[in-house]
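Lettering follows sequence order; numbering is per chain, from 1.
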Amino acid sequence: MKIATYNVNGVNGRLPVLLKWLKESQPDIVCLQELKAPQDKFPEAEILEAGYHSVWLGQKSWNGVAVLSKLEKPVVSRTDLPGEDEIEASRYLEVKIKDLIIACIYLPNGNPVPGPKFDYKMRWFERLDAHAEMLITSGKKVLIIGDFNVIPTEKDVYKPEKYKNDGLFLPEVRKALENLISQGWTDALRHLYPTETIYTFFDYFRKAYERNAGMRIDHFLLSPEVVPLLKKGEVDKEVRGWEKSSDHCPVWIEIEESK
DNA sequence: ATGTCTCCAAAATGGAGA
């Protein structure tokens with residue numbers, strides 16, 4: 001079973017790219033982030049035509065997350081994290097598909113630092129942390145997937161020194177991700193490729209993709225029950241070079257079918 | 001500081017967000 005994540009950066013503006021990638025890559029399940037579309041402007045019909053059921057959480061202008069599935073229509077279990085969201089942003093969508101619990105997340109970017117956006121990111125992280133703890137103790141097959149807006153280590157960005165003061169790479173942000181992972185989660189791509197350079201995002205600025213000046217910020221966190229099922233994982237890097245591409249690449253993993 | 005791209009606004013450029 002192939003499970004993917006893709007920050008599309010505008011689901012309607014990117015629809016041709018999304019559909020082309022779906023057709024070529026044929027994932028079974030897809031988590032999308034940054035829909036940038038209100039609830040009633042999600043291209044459900046076109047995506048259904050491509051063979052995918054979808055559930056989504058829209059928002060005017062910003063944010064927005066969705067889960068697509070070829071297998072069966074995802075059953076929504078949560079549309080936000082427990083606790084107060086003072087900004088009411090569409091950033092969390094948790095679904096059940098077969099025996100999997102999938103949390104599709106779009107963690108706040110946090111820039112500029114310091115400031116209210118960074119504070120919001122850290123509060124969001126705390127809420128994610130608390131809920132993830134509940135999920136992992138459930139003993140179920142859980143995957144937290146999406147755009148974390150966190151560069152986990154120096155290995156995960158082309159020039160770490162340039163990002164020392166960035167909201168994606170500050171020590172406290174990396175520590176927050178480490179803390180979360182230390183609950184018992186596995187970073188799937190890093191697990192598969194312990195030492196390789198892996199980038200999932202390339203800025204539109206200054207030909208970042210052409211220069212391979214990227215970073216790894218889109219992640220799959222697997223609960224212990226999922227780790228033994230993990231077979232493969234990859235970044236569909238060439239998609240970033242397509243006309244009208246998002247600044248993120250699609251990323252996917254393959255897990256063994258549940259018996 | 002800048003670079004680029006999207007969406008949105010009492011609508012054409014310009015701000016916000018990333």
Side-chain angles (χ1 to χ4, degrees), chain A residues 5-21 31-44 46-47 56-66 85-92 104-125 128 145-152 156-170 173-174 176-177 199-219 235-251:
Chain A
T5 183
Y6 191 12
N7 177 322
V8 284
N9 189 7
V11 71
N12 287 305
R14 255 26 126 168
L15 192 57
V17 171
L18 174 62
L19 294 175
K20 181 182 174 195
W21 168 72
C31 296
L32 299 178
Q33 303 86 31
E34 275 205 88
L35 303 180
K36 292 187 170 179
Q39 189 67 14
D40 62 350
K41 292 281 160 51
F42 183 83
E44 182 183 20
E46 290 88 338
I47 288 172
W56 67 96
L57 200 61
Q59 184 183 327
K60 193 177 169 187
S61 304
W62 316 120
N63 310 316
V65 282
D85 188 342
E86 64 270 38
I87 296 177
E88 295 287 339
S90 296
R91 293 181 176 275
Y92 187 91
C104 173
I105 74 164
Y106 176 45
L107 210 138
N109 177 293
N111 284 308
V113 179
K117 290 189 177 158
F118 187 70
D119 299 341
Y120 174 60
K121 177 176 195 166
M122 297 314 288
R123 282 198 296 276
W124 207 92
F125 230 128
L128 177 62
I145 301 172
D147 179 359
F148 283 64
N149 271 315
V150 181
I151 301 163
D156 298 305
V157 59
Y158 69 107
K159 264 187 186 168
E161 65 276 13
K162 283 201 173 226
Y163 288 84
K164 283 280 183 264
N165 300 310
D166 193 283
L168 279 60
F169 193 55
L170 278 176
V173 172
R174 283 185 270 163
L177 182 63
Y199 298 144
T200 66
F201 169 92
F202 300 89
D203 216 306
Y204 288 123
F205 301 159
R206 287 168 298 186
K207 302 197 178 302
Y209 178 64
E210 288 82 348
R211 295 185 296 120
N212 196 34
M215 54 182 80
R216 189 172 76 94
I217 55 177
D218 301 273
H219 308 299
V235 179
D236 282 339
K237 202 171 168 184
E238 72 288 350
V239 176
R240 179 63 182 81
W242 291 359
E243 193 80 17
K244 299 276 280 178
S245 162
S246 167
D247 41 6
H248 292 251
C249 306
V251 190

### Query
Looking only at side chains, do A:N7 and A:E34 share a donor and an acceptor under 3.5 Å apart?
yes
### Message
For the P atoms, the ones on B:dA10 and on B:dA16, what distance do you get once it is rounded to whole angstrom?
### Response
15 Å
### First of A:Y204 and A:D147 reached from the 5' end of DNA chain B, by closest nucleotide
A:Y204
### Task
Could you check how far NE2 of A:H248 sits from C1' of B:dT4, rounded to whole Å?
14 Å
### Task
Could you work out the separation of B:dA1 and B:dC5 based on their P atoms and round it to a whole Å?
22 Å
#### Entry: Ring centre gap for A:F202 and A:Y209 strictly below 6.0 Å
yes
### Summary
Winner on side-chain proximity to A:F205, out of B:dT4, B:dC8, B:dT6, is B:dT4
### Summary
Separation of B:dA18 atom P from A:F201 atom CZ, nearest Å, is 11 Å
### Task
Ignoring hydrogens and angles, state whether a donor on the side chain of A:D156 or A:Y199 is under 3.5 Å from an acceptor on the partner side chain.
no
### Summary
A:R211 CZ to B:dG3 P, in whole Å, measures 15 Å
### For atom CH2 of A:W62 and atom C1' of B:dG15, their distance in whole Å
9 Å
### Message
Once you apply a heavy-atom cut-off of 4.0 Å, does A:Y209 come out as touching a base, just sugar-phosphate, or nothing?
### Response
nothing
### Task
Would you check if there is a donor-acceptor pair between the side chains of A:N111 and A:D166 at a distance under 3.5 Å?
yes
### Summary
A:L35 atom CG is separated from B:dC8 atom P, nearest whole Å, by 12 Å
### Task
Figure out the NZ/P separation between A:K36 and B:dA18, and round it to whole Å.
8 Å
### Task
Nearest whole angstrom, please: distance from the C1' of B:dA18 to the CZ of A:F118.
16 Å
### C1' gap between B:dC7 and B:dT2, integer Å
22 Å
### Task
Check whether any side-chain nitrogen or oxygen of A:K244 sits under 4.0 Å from OP1 or OP2 of B:dT6, and answer yes or no.
yes
### Query
At under 4.0 Å between heavy atoms, what does A:K60 touch on the DNA or RNA strands: base, sugar-phosphate, or nothing?
sugar-phosphate
### Query
Quick one: do the A:K36 and A:N9 side chains pair a donor with an acceptor below 3.5 Å?
yes
### Query
What integer distance in Å separates A:Q59:CD from B:dC8:C1'?
13 Å
### Query
5'-most contact on DNA chain B: A:N7 or A:G13, nearest heavy atom basis?
A:G13
### Task
Report yes if a side-chain nitrogen or oxygen of A:R206 is closer than 4.0 Å to either non-bridging phosphate oxygen (OP1 or OP2) of B:dT4; otherwise report no.
no
### Query
When you measure from the side chain of A:P38, which nucleotide among B:dC8, B:dT6, B:dA18 comes out closest?
B:dC8
